[in-house]
Amino acid sequence: MKLVRFLDEIKKKTGILEDTHITEITGSIEEAFDNPDKCLKQSTHNLNEVKILPPVLPSKIICVGLNYIDHARELNMDLPDEPVIFIKPSTGVIGHLDPIIYPLSSKQVDYEVEIAVVISKKAYKVKMEDADDYIGGYTIVNDVTARDLQNKDVQWTRAKSFDTFCPIGPCIQTQLDPSNQKITLKLNNKIKQQSNTKNMIFSTPELVEFISNIMTLNPGDIISTGTPPGVGPMNIGDIVEAEVEEIGVLRNIIKN
Ligand code: MG
């Protein structure tokens, strides 16, 4: 099931995405994680007639720094013993088709396609074998990065945190094997990143255990699991498409 949030004229609504239409449901996405059968199915909307919103409004987005074997090889780096994590602020979140704003203070803004875990309920000190109980589904994050500022600063906060630097969406896929998904990024319709999530160093259950032993994860929080090889720059006017096989395509345009 693909869950979406959308704007119907001025009303924010939740629905189930099927091909080119959305079936509106009652309640929030978090309630749908809990008990999808309880959410009453209502009217149907044509996908082209509504605006897709970010599927969740996370209190925080926890990102993993280096998590693909093929990306580590590309960078000539040793595989990490434990995940390197950082946080993107909730104010960076935008949705499918929203513009990424190129900041004046950067000369190199890169794309990073990532598959992301959406937390369904409060999670603290969760064991990896129980992780599934706390995962509502999976979505796509483009971990937009001002690479020149990342290289200049010791901490990555500035490089990762500009407004609009966290596109999320277009939907949350609730049934998916996160350990075997084709993951692709296209810039102006040319493939720039292509791998499979089976090349991940730390699996999604391992990440839920590792991170929930540091901090409490709230419903709607996002764990973005790292990017495969091929990261590179975007320019104003470019169209960037982050794709995960069974989730869909997250499309954004770069603007100034
Ligand atoms: Mg990243």
Side-chain angles (χ1 to χ4, degrees), residues 1-58 61 90-102 111 113-118 120 136-144 163-176 181-190 219-222 224 234 236-256:
M1 183 171 63
K2 290 181 174 181
L3 293 170
V4 287
R5 284 173 67 245
F6 63 99
L7 198 62
D8 177 24
E9 292 179 0
I10 54 162
K11 276 196 176 152
K12 288 176 183 164
K13 296 177 171 175
T14 311
I16 299 167
L17 174 66
E18 288 156 307
D19 299 321
T20 56
H21 66 274
I22 297 169
T23 306
E24 188 181 332
I25 58 173
T26 58
S28 65
I29 289 229
E30 287 82 357
E31 284 164 328
F33 289 151
D34 250 6
N35 195 344
D37 301 331
K38 245 187 160 179
C39 295
L40 237 54
K41 293 203 169 75
Q42 298 185 328
S43 53
T44 301
H45 301 260
N46 193 318
L47 185 56
N48 294 329
E49 288 165 8
V50 300
K51 176 180 162 43
I52 296 289
L53 297 169
V56 279
L57 297 172
I61 301 104
S90 57
T91 42
V93 172
I94 57 169
H96 177 59
L97 302 180
D98 287 339
I100 297 166
I101 307 298
Y102 204 111
Y111 48 78
V113 60
E114 307 191 359
I115 186 170
V117 175
V118 185
S120 61
Y138 299 86
T139 189
I140 304 167
V141 163
N142 186 348
D143 174 20
V144 179
D163 282 6
T164 76
F165 267 30
C166 192
I168 301 179
C171 64
I172 296 169
Q173 170 61 270
T174 59
Q175 294 119 337
L176 165 101
Q181 293 289 318
K182 217 198 226 178
I183 182 164
T184 309
L185 186 130
K186 290 182 193 160
L187 190 69
N188 302 324
N189 223 14
K190 283 200 191 100
D221 278 357
I222 298 272
S224 197
M234 306 180 283
I236 290 158
D238 285 350
I239 294 168
V240 63
E241 292 176 302
E243 184 171 355
V244 174
E245 196 175 357
E246 288 174 42
I247 302 175
V249 179
L250 169 66
R251 182 180 301 115
N252 299 93
I253 185 162
I254 321 306
K255 287 196 173 166
N256 59 2

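In this structure, CD1 on I253 lies 11.0 Å from CD1 on I236, to the nearest 0.5 angstrom. With rounding to the nearest 0.5 angstrom, the CD1 atom of I172 is 12.0 Å from the CG atom of L176. One distance of note links CD1 of I25 with OG of S43; it measures 12.0 Å at 0.5 Å rounding. For the atom pair T164 OG1 and I94 CD1, the distance stands at 5.0 Å (nearest 0.5 Å). How far CG of D143 is from OG of S224: 6.0 Å, rounded to the nearest 0.5 Å. Atoms CD1 and OG, from I29 and S120 in turn, are 12.0 Å apart once rounded to the nearest 0.5 Å.
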* Asked: Yes or no on side-chain contact (heavy atoms from CB on, under 4.5 Å) for Y111 and V144, after CA distance, side-chain angles and deciding distance?
  -> CA-CA 5 Å; Y111 48 78; V144 179; over 6 Å; no

* Yes or no on side-chain contact (heavy atoms from CB on, under 4.5 Å) for I16 and K41, after CA distance, side-chain angles and deciding distance? -> CA-CA 9 Å; I16 299 167; K41 293 203 169 75; 3.8 Å; yes

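When all heavy atoms are compared, the tightest approach of V56 to G220 is CG2-O, 3.6 Å. The nearest pair of heavy atoms linking I183 to V113 is CG1-CG2, 3.8 Å. The shortest non-hydrogen separation linking D163 to T91 is OD1-O, 3.6 Å. The two residues R5 and K12 come nearest to each other via the heavy atoms NH2-CD, 4.0 Å. In this structure, P55 and G169 approach most closely via the heavy-atom pair CD-CA, 3.8 Å. Residues A116 and V141 approach most closely at CB-CG2, 3.7 Å, considering heavy atoms.
The number of heavy-atom neighbours closer than 6.0 Å to CG of N46, taken from other residues, nucleotides and ligands shown, is above 12. A 6.0 Å sphere centred on NZ of K182 holds no more than 12 heavy atoms belonging to other residues, nucleotides or ligands.
At a threshold of 4.5 Å between non-hydrogen side-chain atoms, the residues H45 and K13 count as touching. With a 4.5 Å cut-off on side-chain heavy atoms, V118 and I222 count as touching. Within the 4.5 Å cutoff, the side chain of L250 has no heavy atoms near those of the T139 side chain. With contacts defined as side-chain heavy-atom distances shorter than 4.5 Å, the pair H96/R251 qualifies. You'll find the side chain of E31 stays beyond 4.5 Å of the side chain of T14, heavy atoms only. A 4.5 Å side-chain heavy-atom check between F6 and I22 finds at least one atom pair inside the cut-off. Looking at L185 and V240, their side chains come closer than 4.5 Å, going by heavy atoms from C-beta outward. Looking at E241 and N189, their side chains come closer than 4.5 Å, going by heavy atoms from C-beta outward.
Side-chain N or O atoms of E246 include none that pairs as donor or acceptor with a backbone N or O of Q181 at under 3.5 Å. Looking only at distances, no side-chain donor or acceptor of K2 sits under 3.5 Å from a matching main-chain atom of E18. Remark: the backbone N or O of E243 is not paired with any side-chain donor or acceptor of T184 at under 3.5 angstrom. With hydrogens and angles ignored, the 3.5 Å screen pairs no side-chain donor or acceptor of Q173 with any backbone N or O of G137.
Taking 4.0 Å as the cut-off between side-chain N and carboxylate O, D98 and K255 do not count as a salt-bridged pair.
The side-chain contact (heavy atoms from CB on, under 4.5 Å) test with I52 singles out one residue from L7, L97, L47, L17, and that residue is L47.
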